[in-house]
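Taking it in order: structure first as structure tokens, then the write-up.
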Amino acid sequence: MTSDSEDPNDDVQYHLEVSDDDVADSVLLPGNPERVEKVVDYWDDHDIVAEHREYRTATGTHDGTPISVTSTGIGGPSAAIALEELARVGADSFIRVGSCGAIQEEASIGDLVITTGAVRQEGTSKEYVREDYPASADHRIVSALVAAAEELGYDYHLGVTCSTDSFYAGQSRPGFEDFEASGSDERIAALQEAGVLNFEMEAATILTLANLYGLRAGAVCTVYANRVTGEFRTEGERKAAKCASLAVSYLAEMDAAVEEADADGWHAGLSIDR
């Protein structure tokens, strides 16, 4: 039994200040609260339902599909709080929407990276489960994101992301006065050799927690920096938001197809005429 000291609010979540009727089943998770307004630009309608600390939540519809967005702030700890409290009020599908730094040359500025799984270089997920537990994206959400990117005509890359706790040292960038963390060069080289596509800071936590709780999660990020070419531009900022919003509508159609077919889960055969 949860004591009052551990769960101080019966109806309204402590950090997000949302309650049961405030959020849809599917929630987009950008980091920056200011990005919420850019996300909802593509929706039919929306209302801001809560705003507290780094957490801003809006709920509306996209192509007639109920959808919410909650900013998480930067990093795994605050992202875990967001997912925990959103799950408590009924959300079951989550898409991380953000920006990233590519570590493979082919991922150009403005391209999307759709995450299939994440290297858990952050610390938050390790407080939940053993380090060799996989941070894998839900296959249905990955498929919906790919379908959305294809429909929108966006260049995208599908693969493994590395999530870190540090924007600087953890991503093998120099710190203040060119401080360099021990093993920095070797770390990024090993990730590149393993085919890891990009750095960001929240996906591994979100994917791990979703899997532990029997929920669904994925991630799509726009490339702002390419560590191989040395480029950095905030180009295509809204692509990830538009792709994720459309993916939620696809996800609703996929869920309906599963229900209609009385299938155990979504598979490509449900959309193939034979």
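For reference, positions follow the sequence shown, starting with 1.
- Using a 3.5 Å distance cut-off with no hydrogens or angles, the side chains of S245 and H62 do not pair a donor with an acceptor.
- Side chains of L270 and V258 form a contact here, defined as non-hydrogen atoms less than 4.5 Å apart.
- Using a cutoff of 4.0 Å between basic side-chain nitrogens and carboxylate oxygens, E131 and R120 are not scored as salt-bridged.
- Atom OH of Y154 and atom CD1 of I114 lie 11.5 Å apart (nearest 0.5 Å).
- Side chains of R227 and R173 form a contact here, defined as non-hydrogen atoms less than 4.5 Å apart.
- There is no side-chain donor-acceptor pair under 3.5 Å between S19 and D11.
- Taken together through direct or relayed side-chain contacts under 4.5 Å among Ile, Leu, Val, Met, Phe, Trp and Tyr, V220 and V39 form part of one hydrophobic cluster.
- No path of Ile, Leu, Val, Met, Phe, Trp and Tyr side chains, each step under 4.5 Å between heavy atoms, connects Y14 with V89, placing them in separate hydrophobic clusters.
- Side chains of S93 and D25: a donor-acceptor N/O pair is absent below 3.5 angstrom, by distance only.
- Between D132 and R130 a salt bridge is recorded (basic side-chain N to carboxylate O distance below 4.0 Å).
- Geometrically, R216 does not engage F94 in a cation-pi contact, judged by NZ or CZ lying under 6.0 Å from the ring centre and within 45° of the ring axis.
- When only modelled atom types and interatomic distance are considered, S125 and E122 share a side-chain donor-acceptor pair under 3.5 Å.
- Linking Ile, Leu, Val, Met, Phe, Trp and Tyr whenever their side-chain heavy atoms come within less than 4.5 Å leaves I74 and Y224 in two separate clusters.
- Of all heavy-atom pairs spanning L191 and C162, the tightest one is CD1-SG, 3.9 Å.
- We find the CZ-CZ distance between F199 and F167 to be 11.0 Å, quoted to the nearest 0.5 Å.
- When all heavy atoms are compared, the tightest approach of G31 to S71 is O-CB, 3.6 Å.
- One finds no salt bridge joining D111 and K239 here, because no Lys/Arg side-chain nitrogen approaches an Asp/Glu carboxylate oxygen to under 4.0 Å.
- Salt-bridge annotation for R233 and E231: present, with a side-chain N of the basic residue lying under 4.0 Å from a carboxylate O of the acidic one.
- Under the side-chain contact (heavy atoms from CB on, under 4.5 Å) criterion, A148 pairs with C243, L246, A247, Y250, sequence neighbours left out.
- Considering all non-hydrogen atoms of both residues, A137 and L207 come closest at CA-CD2, 3.8 Å.
- Using a 4.5 Å cut-off on side-chain heavy atoms (C-beta onward), V18 and T59 make no contact.
- Connection of Y168 to F179 is not established within any shared hydrophobic cluster, with ILVMFWY side chains joined at heavy-atom distances below 4.5 Å, either directly or through further cluster members.
- Applying the salt bridge (charged side-chain N to carboxylate O under 4.0 Å, His left out) test to residues at least two apart or on different chains, the pairs with a partner in residues 186-202 are R96-E200, R96-E202.
- Side-chain atoms of D185 and S172 form no donor-acceptor pair, as typed in the model, at a separation below 3.5 Å.
- Between the side chains of T164 and Q171, at least one donor N or O sits under 3.5 Å from an acceptor N or O.
- Side chain of S78 to main chain of T72: a donor-acceptor pair is present (N/O by atom type, distance under 3.5 Å, no hydrogens or angles).
- Note on V27: it does not cluster hydrophobically with I48, by side-chain heavy-atom contacts below 4.5 Å among ILVMFWY residues.
- Contact between A135 and A204 at its shortest, heavy atoms only, is CB-O, 3.9 Å.
- No hydrogens or angles considered: nothing links the side chains of E85 and Y55 as a donor-acceptor pair under 3.5 Å.
- Using a 4.5 Å heavy-atom cutoff, the side chains of L197 and I103 are not in contact.
- Considering L152, T222, L158 in turn, T222 is the only one that fulfils the side chain to side chain contact (heavy atoms under 4.5 Å, CB included) rule with L112.
- Under the salt bridge (Lys or Arg N to Asp or Glu O under 4.0 Å) test applied with R56, the options E17, E34, E51 reduce to a single match, E51.
- Atom NE2 in H15 sits 14.0 Å away from atom OG1 in T70 (nearest 0.5 Å).
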